[in-house]
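Written out below as structure tokens is the structure these notes cover.
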Amino acid sequence: MPNNRFNKKLWELGRKIEDELKPDIDSFFGCDFQRKDDIYDILDFWDEDNRKIVEVKGRNVSSTAWKETIITCGKISEGLMEIEKGWEVYIFFVFTDKTMYLKLDPNDCDFNIKRTGTRYIPHYLIPIDRLTDFERGSSDEGED
């Protein structure tokens, strides 16, 4: 039977990774990202003025450990719904060796699905070669 309890330790680690990345994404996009106060929000950072959303996923492996990285299907679905409302959505993966990102594109998100994780829920398999390297400390604008 899956464990449905909230994993506070894992949540705190994820929050630390997000907080460490925030100044870099603020600078990169020219935004002032904010998070909502609900710990169960599906997506991490929002900038209302620039209509950009960033989701951050920490990884405890290098970017070369696997050919794919995973993200819950719900996060992609939520991102696609926000794109329909006029937002841009970016997903950042913080690996042990570097940070990479994907600009979510509703016309190019036919990822394979696998049930995995603590609760055996569906996850998309995002090919590493589809991700863009992110230079920490960058001040360039995000891609259009």
Side-chain angles (χ1 to χ4, degrees), residues 1-7 10-11 13-36 38-144:
M1 177 76 93
N3 179 353
N4 291 325
R5 292 183 312 187
F6 178 72
N7 186 333
L10 188 58
W11 176 80
L13 176 60
R15 187 116 169 158
K16 179 180 183 291
I17 291 167
E18 295 162 11
D19 290 345
E20 289 172 355
L21 185 63
K22 185 182 179 305
D24 292 329
I25 61 174
D26 281 346
S27 175
F28 183 69
F29 290 111
C31 291
D32 182 21
F33 285 104
Q34 303 297 315
R35 64 168 93 237
K36 299 184 179 168
D38 184 351
I39 63 170
Y40 296 105
D41 274 342
I42 294 174
L43 301 169
D44 296 321
F45 292 112
W46 301 69
D47 184 291
E48 297 280 341
D49 294 334
N50 295 292
R51 311 258 324 146
K52 293 187 188 323
I53 300 170
V54 169
E55 170 66 16
V56 179
K57 302 305 297 174
R59 297 291 179 250
N60 62 3
V61 297
S62 75
S63 62
T64 58
W66 305 95
K67 291 182 182 180
E68 297 126 346
T69 190
I70 63 172
I71 188 165
T72 57
C73 291
K75 289 192 181 287
I76 298 291
S77 297
E78 185 75 14
L80 292 172
M81 288 189 293
E82 296 304 331
I83 289 170
E84 287 181 11
K85 298 175 191 173
W87 291 80
E88 289 181 17
V89 178
Y90 297 83
I91 303 166
F92 279 72
F93 297 92
V94 180
F95 295 97
T96 58
D97 61 334
K98 64 178 161 179
T99 300
M100 304 177 83
Y101 71 93
L102 173 76
K103 181 178 181 184
L104 192 56
D105 179 351
N107 299 310
D108 188 22
C109 61
D110 58 340
F111 308 115
N112 291 327
I113 296 175
K114 177 181 181 179
R115 288 188 169 273
T116 187
T118 306
R119 298 187 181 126
Y120 198 64
I121 58 176
H123 287 72
Y124 283 109
L125 301 168
I126 311 294
I128 299 295
D129 64 8
R130 298 263 306 267
L131 303 178
T132 301
D133 287 352
F134 180 69
E135 193 74 33
R136 299 291 291 257
S138 174
S139 61
D140 295 53
E141 183 107 359
E143 68 179 47
D144 289 323

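In what follows, residues are counted from 1 in the order of the sequence shown. Predicted model, so just to flag it, every value in this text is computed and none were measured.
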Pairwise salt bridge (charged side-chain N to carboxylate O under 4.0 Å, His left out) hits with a residue in residues 122-131, at least two apart: Asp108-Arg130
Step by step, would you call Phe92 with Asp44 a side-chain contact (heavy atoms from CB on, under 4.5 Å)? CA-CA 10 Å; Phe92 279 72; Asp44 296 321; over 6 Å; no
Working to the nearest 0.5 angstrom, can you tell me the gap between Cys109 SG and Ile91 CD1? 9.5 Å
Do the non-hydrogen side-chain atoms of Asp24 and Phe134 ever get within less than 4.5 Å of each other? yes
I'd like to check Arg15 versus Arg35 (side-chain heavy atoms, cut-off strictly below 4.5 Å). Are they in contact? yes
I need the full list of ring-ring contact (aromatic ring centres under 6.0 Å, His included) pairs touching residues 48-73, with sequence neighbours left out, sorted by first then second residue. none
Tyr90 OH to Leu102 CG distance, which is reported to the nearest 0.5 Å: 10.0 Å
Given Phe28 and Tyr101, is the ring pair (Phe, Tyr, Trp, His ring centres under 6.0 Å) satisfied, shown in steps? CA-CA 12 Å; Phe28 183 69; Tyr101 71 93; 5.8 Å; yes
Value rounded to 0.5 Å, distance of CG in Asn112 from NE2 in His123: 14.5 Å
What's the spacing between Tyr124 OH and Asp110 CG if we round to 0.5 Å? 9.5 Å
Counting C-beta onward and ignoring hydrogens, is there a side-chain heavy-atom pair between Ile71 and Phe111 closer than 4.5 Å? no
Heavy-atom pair with the smallest gap, counting every atom of Pro127 and Glu68: CA-CG, 4.0 Å
Taking the side chain as every heavy atom from C-beta outward, state whether Lys114 and Ile70 have any pair of such atoms under 4.5 Å apart. no
Rounded to the nearest 0.5 Å, the OG1 atom of Thr99 sits from the CG atom of Leu131 at a distance of 11.0 Å
What pair of heavy atoms forms the shortest contact from Val61 to Ala65, and how long is it? CB-CB, 3.8 Å
For Glu18 and Lys22, what are the C-alpha separation, side-chain angles and deciding distance, and is it a salt bridge (charged side-chain N to carboxylate O under 4.0 Å, His left out)? CA-CA 6 Å; Glu18 295 162 11; Lys22 185 182 179 305; over 6 Å; no
Carefully, step by step, assess Thr69 and Lys57 under the rule side-chain contact (heavy atoms from CB on, under 4.5 Å). CA-CA 10 Å; Thr69 190; Lys57 302 305 297 174; over 6 Å; no
Does Thr96 use its side chain to pair, donor to acceptor, with the backbone of Asn60 at less than 3.5 Å? no
Counting only pairs under 3.5 Å, give me each side-chain donor-acceptor contact of residues 74-82, with atom names and distances, residues two or more places apart or in other chains.
unit_1 : atom_1 : unit_2 : atom_2 : d
Lys75  : NZ     : Ile42  : O      : 2.5
Lys75  : NZ     : Glu55  : OE2    : 3.1
Ser77  : OG     : Cys73  : O      : 3.1
Glu82  : OE2    : Lys85  : NZ     : 3.4

Shortest non-hydrogen separation from Lys98 to Ser63 and the atoms involved: CE-OG, 3.1 Å
Are Gln34 and Trp46 close enough that some pair of their side-chain heavy atoms sits under 4.5 Å apart? no
Distance in Å, Met100 CE paired with Thr132 OG1, rounded so as to fall on 0.5 Å steps: 7.0 Å
Side chains of Phe95 and Ile128: does their closest heavy-atom pair fall under 4.5 Å? yes
Looking only at heavy atoms, what is the nearest atom pair of Trp87 and Lys52, with distance? CE3-N, 3.4 Å
Minimum-distance pair of heavy atoms, taken over all atoms of Asp47 and Phe33: N-CD2, 3.7 Å
How far apart are the closest heavy atoms of Cys31 and Asn50, and which atoms are they? SG-ND2, 3.5 Å
Any side-chain heavy atom of Leu125 sitting closer than 4.5 Å to one from Ile113? no
